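This report concerns only the one structure given below.
This is a predicted model, so every value here is computed, not measured. Every chain is numbered from 1 and lettered A, B, ... according to where its sequence line falls, protein lines coming before strand lines.
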Amino acid sequence: MIVNKLKLLIGGVQLRDGVVTVTDLLGRILTRAGLYVLAMERGYASTIYGAHQYDPLVIDEKPPQSWGDTALDILVALDYDSNPDAKDKPNRDTVLRHARHLKDGGVLVYDSSTGEIPTDALVRRGIKVFPIPARNIARDELKRDVVKNVVTVGGLFRLLDFDRDMTHLTSLLEERFLRKGREIIDLNLKAARRGLEVVESVLSAKGWADVGYRLDPRPQKEPMLLLSGNDALSMGAIAAGCRFYAGYPITPASAILEFMEEHLPKYGGRALQGQNERESIRAALGASMTGVRSMVGTSGPGLSLKVEEFGVSGMTETPLVIVDTQRAGPSTGMPTKSEQGDLFLVAYGGHGEIPRIVLAPATQEDCYSMMIEAFNLADKYQCPVFFLTDLNLSEGRKVVPESVFTKHSVTIDRSTLVRAEDLRRNGDYRRFQVTDSGISPRLVPGTVGGVFKITGSEHDEHGFVSTDPVIRKAQVEKRLRKMETYLKEDAKPPQVFGPTDGLVLIGWGSTKPVLLHAQQALNAKGIEVGVAHFTHLWPFHTAAAQPMLAKAKTLIAVEGNFTGQFADVIQTYCLLPVKRIVKYNGLPIYVADILGGVDQILRSTTDVVRIGDAAPTPVKVSEGD
Amino acid sequence: MSDAKAEVKSQQKISAKAWDENAVPRHRIQWCPGCGDFGVLAALKMALTKLEVTPHELLMVGGIGCSGQIRNYLNGNAFHGTHGGALAYALGAKMANPDLKVITLAGDGDTFAIGVENFVHVCRRDPEVMLIIMDNGVYGLTKGQHSPTYGRGMDITEWSEESPPPFSPLRLAMTAGCTFVAQSFSGDPKHSAEIYAEAMQHRGFAMVNDFSPCVTYNKFNTYDWYKERVEEIPAGHNTSDLNAAWELLNDFDRREKLPLGVVYRNPRRKKAAKRLPIWTEDLQKANVAPLFQMFR
């Protein structure tokens, strides 16, 4: 019996089958039952309706190290008629796609409303199969199609011997639907009970006492939260004093806009849905110019449209936090697939030399704490601060203790803003005063006794346009000197795990959990390996990274892109050769990808390992053959 | 009363001369002698003085080009970013701090070519911002290429994709939902100043299209050409009637005249807005705990 440790995947037809409704319901209930949930691999399509959607959940009684590998313990197929290629067995789509990942001895639950599907090959692998005619039960018995996924949830409760009395489910339903009336709650509970009964009857027919998996509630010592990276960074921004947000609808950053529209007004702020990507960033710069902490959020295609304003922010020294939730590019690319392909865009995008800072949080916790840091850095260095997440981190959900957030002390440092009394004391105000640190005092318009002249054209200390060679030199140096000051005072070195004198895996941003997981697996195989993980990517902190990385025998960067963009940065700044394990097929980097890649590199067969199958994997479920 | 407003009121009334402080000295102004923008500058100073605006509460957002330089030729806060972006910066600034007097100063190329996306939607959004378009039909700074208003009044019978006919800024504004649509002529700064003053007092987005001849690159729409055609809108015109406004424009077109004055004015009811908090002591008061609880 495996207790409190499994990976479960729910798949079905987007929108219709309510895949995310189920994982949200389950996730919330499991969280309250004291278990940890990690759901970082959601698969969906850039359509409203009809495509295949899936959502794998890692469930554990300890915080899961990462999403691990593709292997599944339990597969739940909610679709009953979505495979047009198999008219006789239309309910096999999810099974065809995912059943090959089921472990021997695992569990398959599927909607048998349109008939039973051939599962002999799975059964031979010891997989226990549970056909539930959920759609038929919902449609014919309960007269409401929409509760069909709750029928399946009830079935899962029986399978996992969890919440069989529906205590958790009832309280969650009451929370959500009591306003709409008791009937909805009763209907849902009835649906869940019917699912439970169906599973019960399969169990007794087969003579199985259980399925080998069980979830036991654990005492919850403190409130736990199930939240996404977008949720965490939005709350981080509000905590940091962000009071103006602008965004244009784009996957996977729209959730930030929605969050801000709903909650920012409660904190005296405003959220603006721009009419286009440029209006968003320009309005945010306008708000920031008046002293308001401002942020924009977008993904690659939107960021490409915003590039012109990177220079405006840098040249006019107007602070701005810019969230880029990376998705697979270029062009429209794959809107619903994750990638780490925008590093060069944020580090180098735009004409001229722009002072800028790039941060890449690794986890939901980082999304919160580093956002607070991002706003302070933006204020201090008065330049664009990029917050580089990706689809998996932004939309991926994870259980985090509430105290991680509530105990995080929030410092709001606005010391570069000048007030009326400073003006009276210091006399002549110069917006672009040349200083040793490169940082100049910022005036808020409306302050009695001072005015500013700000321009994206080259300018003198007062902000009047100038092409004088002496002034130009002084201002270029002043702006870029801020980056030296940043490296001295605020840049953080990579986090290092394990020994760094042998093989060292290098990563940045959201891959940290899987790097550490792979490190553990490699150690278990007797391969000693260190991990250097970077969150402060740009300007590159050579002094902090080079001496440490120079000691390593082999450096391998693991990245979600084709070229190994960060590996190139390290090679450029540290003058060290960096091998690469790269993945860009839209799927998350798994532990096995890293193990396989390291193995190939150690056998000296290659310097670059490109993860993923070259040819389509044949998907076969036995037809009873 | 907000802090900023209180500060403003505590300030003494300023003299017309104060507009020359914190500004590029007159002899270093980089406009061609006779440029229409001088008329706009003179009229703007008159209007600001009349309305007793103080430089520190004024925020000018300049477009790219000769016209946008005006921001540095008088006192007051000024911002200058990308070509076509001026209205969007102004929108964000005004949303963030409604206590500021925000005015946008840009050319016809900036507003109607590269920036038309902002113009159209700012008309809809209706922030309390005045826009003065210095309309000269050309891109002067880059040596006279044609802008979207080039060809006004020209007797051209054949058009091409390369050289399309001009369009009407006023009609575009009205179509987009602009609540204050006016036109002025920099050859008559006193009249322009009256219109600017009305525009600045408008409770919404106010667009003033100012005929501001480019003496170097537009040899057709000259001062003399405009003087023969401009005509003040008759006193009896009902500015709050959109149909009357359209009819007025049609009538002027038929007579080959150009209207000066307020064509349309119809303020909307709008939600009150407050200045967004900026100071650490205000921001640190915020209790974010209820946000976390949503995710339990």
For the side chain of A/Lys453 and the backbone of B/Arg71, is there at least one donor-acceptor N/O pair under 3.5 Å apart?
yes
Please find the pair of heavy atoms, one from B/Gln284 and one from A/Val410, that lie closest to each other, and give the distance.
NE2-O, 3.2 Å
Atom NE2 of B/His121 and atom CG of A/Asn276: how far apart are they, to the nearest 0.5 Å?
7.0 Å
Quick one: pull up OG1 in A/Thr455 and CD1 in B/Ile64 and give me the separation to the nearest 0.5 Å.
7.0 Å
Tell me, side chain or backbone of B/Leu276 under 4.5 Å from chain A's heavy atoms, or both, or neither?
both
Measuring from A/Asp379:CG to B/Thr280:OG1, what's the distance to the nearest 0.5 Å?
8.0 Å
Search all heavy atoms of A/Pro223 against all heavy atoms of B/Arg296 and return the closest pair with its distance.
CB-NE, 3.4 Å
For A/Met224, is it the side chain, the backbone, both or neither that has a heavy atom under 4.5 Å from a heavy atom of chain B?
backbone
Taking all heavy atoms of A/Phe464 and all of B/Asn22, pick out the closest pair and write down the distance.
CZ-O, 3.6 Å
Is B/Ala23 in contact with chain A via its backbone, its side chain, both, or neither, using a 4.5 Å heavy-atom distance?
backbone
CZ/B/Phe295 to CG/A/Leu226 distance, rounded to the nearest 0.5 angstrom?
9.0 Å
Sub-4.5 Å side-chain heavy-atom contact between B/Leu291 and A/His263
yes
Can you confirm whether the side chains of A/Glu309 and B/Tyr89 place a donor and an acceptor under 3.5 Å from each other?
yes
Turns out that what part of B/Asn287 lies under 4.5 Å from chain A's heavy atoms comes down to backbone
Quick one: are A/Val292 and B/Arg275 in side-chain contact, heavy atoms under 4.5 Å?
no
Side chain / backbone / both / neither for B/Leu100 at chain A, heavy atoms under 4.5 Å
side chain
Distance in Å, B/Leu91 CG paired with A/Glu279 CD, rounded so as to fall on 0.5 Å steps:
5.5 Å
If one checks every heavy atom of A/Thr318 against chain B at 4.5 Å, the contacting part turns out to be side chain
Measure the CZ-CG distance between A/Arg278 and B/Asn118 for me, rounded to the nearest 0.5 Å.
8.0 Å
Assign the ring pair A/Tyr368 / B/Phe292 to parallel, tilted or perpendicular, where the plane angle (0 to 90°) is split at 30° and 60°.
perpendicular
Please assess B/Glu281 against A/Arg419 for the test salt bridge (charged side-chain N to carboxylate O under 4.0 Å, His left out), listing each intermediate value before the final yes or no.
CA-CA 14 Å; B/Glu281 52 271 28; A/Arg419 302 208 188 199; 3.2 Å; yes
For A/Gln273 and B/Arg125 the tightest heavy-atom approach is O-NH2, 2.9 Å
So which heavy atom on A/Val448 is nearest to which on B/His56, and how close?
CG2-NE2, 3.5 Å
Search all heavy atoms of A/Arg270 against all heavy atoms of B/Met95 and return the closest pair with its distance.
NH1-O, 3.4 Å
